[in-house]
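The structure under discussion appears below in the form of structure tokens.
Every chain is numbered from 1 and lettered A, B, ... according to where its sequence line falls, protein lines coming before strand lines.
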2 protein chains.
Amino acid sequence: MGRIQLVPSLAVDSGGWTSSKGYMNEIRTHSGVTLEDVAKAAGVSRSQASRALRNDPGVREDTKAHILATALKLNYTPNLAAQTLASRQSRAIGIVVGDILNPFEALLARECDQALRQTGYFAMLAVDGNVSSVRAFVDQRIAGLVLIGTPEETDDIVSASKLLPTVYVGRDLKAEGVESVSSDDTLGARLATEYLLKLGHREIAHVSGGHGAGARRREAAYRETMREGGLQPIVAAGRYNVDAGSAAADTLMARKKRPTAIFAANDLIALGVISRLAWLGYRVPDDVAVIGFDDIPLAASEPISLTTVRQKVPDMVSAAIDTVMKRLDDPAAPIRNMVVAPELIVRRSSGTEL
Amino acid sequence: MGRIQLVPSLAVDSGGWTSSKGYMNEIRTHSGVTLEDVAKAAGVSRSQASRALRNDPGVREDTKAHILATALKLNYTPNLAAQTLASRQSRAIGIVVGDILNPFEALLARECDQALRQTGYFAMLAVDGNVSSVRAFVDQRIAGLVLIGTPEETDDIVSASKLLPTVYVGRDLKAEGVESVSSDDTLGARLATEYLLKLGHREIAHVSGGHGAGARRREAAYRETMREGGLQPIVAAGRYNVDAGSAAADTLMARKKRPTAIFAANDLIALGVISRLAWLGYRVPDDVAVIGFDDIPLAASEPISLTTVRQKVPDMVSAAIDTVMKRLDDPAAPIRNMVVAPELIVRRSSGTEL
DNA sequence: GTGAAAGCGCTAACAT
DNA sequence: ATGTTAGCGCTTTCAC
């Protein structure tokens with residue numbers, strides 16, 4: 001605490017803001033106080049006041065302190081519009097979320113929102129992510145763009161990335177030349193499959209997540225791991241949602257040789273699998289062990305207690321923000337495509353050794 | 001379609017924008033074209049261009065048409081910062097969401113985001129809703145505020161509402177003098193309880209949602225309906241989440257006289273109840289009928305198929321936006337507290353008549 | 001109906 | 001290290 005949101009200029013420790021009660025917990029409108037007022041009250045020029053407030057070099061320490069104190073006393077808040085207009089660059093970062101109802105995307109979005117506030121920039125979110133949201137942001141001259149699960153069409157992402165610092169979170173876009181941060185799908189799927197193998201399962205099925213690159217990587221890694229174990233892969237085609245999991249459970253349990261373990265391409269699918277298994281009269285994990293992917297909050301809940309491959313959201317987000325910030329001060333920086341290693345979180349749904 | 005986001009000035013039918021392909025599907029940065037350029041190209045003054053673009057009265061129809069066409073041709077995009085600075089009012093509406101991981105709040109947020117784009121205003125979202133988000137928005141001189149499930153402390157809401165047009169969605173804040181849109185909790189709880197009664201259930205339990213006003217109203221309505229039916233209410237104290245539902249299921253099924261139906265204060269609780277019941281070996285709806293509240297997307301999924309009291313999100317949101325818009329052009333308008341009637345959506349989880 | 005002029009509140013050369 | 005001078009791109013009186 002002790003920092004003021006959106007006013008990086010005042011972020012230096014000024015010793016005047018009580019972090020307990022006081023200003024921090026009040027909501028006050030723009031006082032009507034301008035930089036001019038602060039300068040006048042502090043007995044300096046507008047430029048010096050501006051420099052001090054923005055922590056620009058070339059201001060004597062004591063002058064700066066005095067100006068800051070004055071600003072504080074007058075309850076000064078910079079006018080963002082004026083700042084943006086004069087400096088020709090805003091401190092807003094647009095976050096476009098494809099499907100905010102997808103818990104994993106919501107998780108990423110929330111983390112971005114929070115992480116951004118630490119940087120002196122602030123987030124503008126659009127949750128019905130599509131091209132028009134991106135365009136609206138561009139029109140607002142935002143400084144950078146964070147794309148989460150949207151838009152589907154890679155073309156739009158590519159064009160966006162040519163206009164302003166852009167990073168895509170959750171998918172690897174190296175091929176398209178767009179900066180991105182994603183999880184290592186291959187490693188994640190291996191982790192899950194190998195764990196099931198280690199528990200002694202032989203009939204391990206996989207419910208896929210569709211035809212996206214990530215889903216295909218997960219499926220491929222599952223297949224490879226199975227083959228390495230000398231086992232026959234069993235794949236039920238699915239999509240990243242609950243209903244697909246439910247349908248897959250039906251298909252899988254209808255086989256003559258029923259699987260004793262199911263690795264779902266994501267947690268939503270796993271939830272569908274579990275719910276449907278219960279309906280069919282099978283017990284998880286006693287009859288069937290289940291593992292998911294993502295680690296959405298629901299997975300950790302007591303009645304679900306889903307073993308899953310956790311995508312490290314905080315790591316991914318901080319990498320993403322870092323990427324945007326880097327590019328912001330060096331547009332010529334090399335394009336980075338970061339891949340974060342996921343980890344297996346063992347809970348009840350995977351059961352114990354057979 | 002045929003409208004340009006964020007540029008209400010150009011929103012008049014200009015006949016120049018192809019709604020299929022064309023400009024609408026391209027992303028282009030700010031052309032660098034200013035109002036000055038448009039005016040010059042159209043052979044008029046900056047003021048006239050400004051008026052025409054904003055649909056101000058006092059511009060001859062043909063002049064206006066000409067200016068609009070020119071702007072279009074030059075691919076002009078107004079500089080939002082300049083507009084805000086000069087007019088001293090922005091077209092941004094802040095949406096603060098308390099918990100974006102709550103599907104119901106996400107539903108409201110998404111709807112708001114979409115609805116707002118139709119109004120000429122645009123949404124700025126903060127998803128880690130707390131007072132500081134509100135303050136940050138105020139500092140940005142947003143035009144209005146939509147609060148969704150946040151902040152907990154009513155004081156902050158009240159102070160926010162004094163600063164700028166504010167509406168709270170999802171809770172009734174009449175007592176606090178803050179405009180709000182909410183669902184009729186009493187009606188909703190009655191609907192659910194009466195339906196269970198009608199099916200022939202006698203041992204109907206309720207899992208409450210805590211101590212908030214809404215949760216208390218739901219519980220009260222449940223109790224009253226039970227008493228009217230000559231039955232003894234059975235209440236398990238809970239909170240609006242999955243784990244509470246799970247715990248409540250344990251408690252309830254441990255009773256000597258087990259309930260044959262459970263009305264959960266919201267869908268998340270219901271999900272917890274259902275999951276736990278499955279674990280305990282009970283079948284839904286055969287052994288226990290379950291009804292929720294909210295109608296989150298998960299409720300409609302095949303394996304869950306939850307009967308629930310649907311809060312009419314689109315109605316609530318359009319009422320909320322309408323409220324903000326009304327107050328925007330008349331700060332003295334009477335305070336409105338709208339209550340929307342929910343409806344019972346019958347699915348599999350409530351079973352059939354006993 | 002139209003144009004000229006004066007800012008909005010700030011940043012960024014350019015001086016000193 | 002500090003002050004002076006121009007704008008940033010738009011809206012908005014105020015004249016005509």
> Do you know which two heavy atoms are closest between Ile67(A) and Val44(A), and how far apart they sit?
Replying inline: CD1-CG2, 3.9 Å
> Once you round it to whole Å, what is the distance between P of dG7(D) and CG of Leu85(B)?
Replying inline: 17 Å
> Looking only at N and O atoms, is any donor in the side chain of Arg46(A) or the base of dT4(D) less than 3.5 Å from an acceptor on the other one?
Replying inline: no
> Nearest-Å distance, CD (Gln83(A)) to C1' (dC8(C))?
Replying inline: 14 Å
>> Does either side chain, that of Arg327(B) or that of Thr323(B), offer a donor lying less than 3.5 Å from an acceptor on the other one?
In response: no
> Does a side-chain N or O from Gln48(A) land closer than 4.0 Å to OP1 or OP2 of dG3(D), or not?
Replying inline: no
> Going by an N to O cut-off under 4.0 Å, is there a salt bridge joining Asp37(A) and Arg46(A)?
Replying inline: no
> Atom CG of Asn79(A) and atom C1' of dG9(D): how far apart are they, to the nearest Å?
Replying inline: 14 Å
>> When you measure from the side-chain N and O atoms of Ser50(A) to the phosphate of dT11(C), is any distance below 4.0 Å, counting only OP1 and OP2?
In response: yes
> Is the phosphate of dT11(C), meaning OP1 or OP2, less than 4.0 Å from a side-chain N or O of Arg54(A)?
Replying inline: yes
>> Without decimals, in angstroms, what is the distance between Arg51(A) CZ and dG9(C) C1'?
In response: 16 Å
> Does Thr34(A) put a side-chain nitrogen or oxygen below 4.0 Å from OP1 or OP2 of dG9(C)?
Replying inline: no
> Any Lys/Arg nitrogen of Asp330(B) or Lys326(B) sitting under 4.0 Å from an Asp/Glu carboxylate oxygen of the other?
Replying inline: no
>> Whole angstroms only, please: what is the NZ-P distance between Lys40(B) and dA4(C)?
In response: 12 Å
> Are Arg336(B) and Asp322(B) close enough for a salt bridge, meaning some N to O gap below 4.0 Å?
Replying inline: yes
>> It should be established whether Ser45(B) places a side-chain nitrogen or oxygen under 4.0 Å from OP1 or OP2 of nucleotide dG3(C).
In response: yes
> Pick the nucleotide of DNA chain D nearest each of Asp56(B) and Ala82(A); which residue has the one closer to the 5' end?
Replying inline: Ala82(A)
>> Can you measure Glu36(A) atom CD to dC10(C) atom P for me and round it to whole angstrom units?
In response: 9 Å
>> In whole Å, I'd like the distance from the CZ atom of Arg88(B) to the C1' atom of dG9(C).
In response: 10 Å
> Between Ala86(B) and Ser47(B), which is nearer to the 5' end of DNA chain C once each is assigned its nearest nucleotide?
Replying inline: Ser47(B)
> Given atom NZ of Lys64(A) and atom C1' of dT2(D), what is their separation to the nearest angstrom?
Replying inline: 14 Å
>> Any base atoms under 4.0 Å from Thr84(A), or only sugar-phosphate, or nothing? Heavy atoms, all strands.
In response: nothing
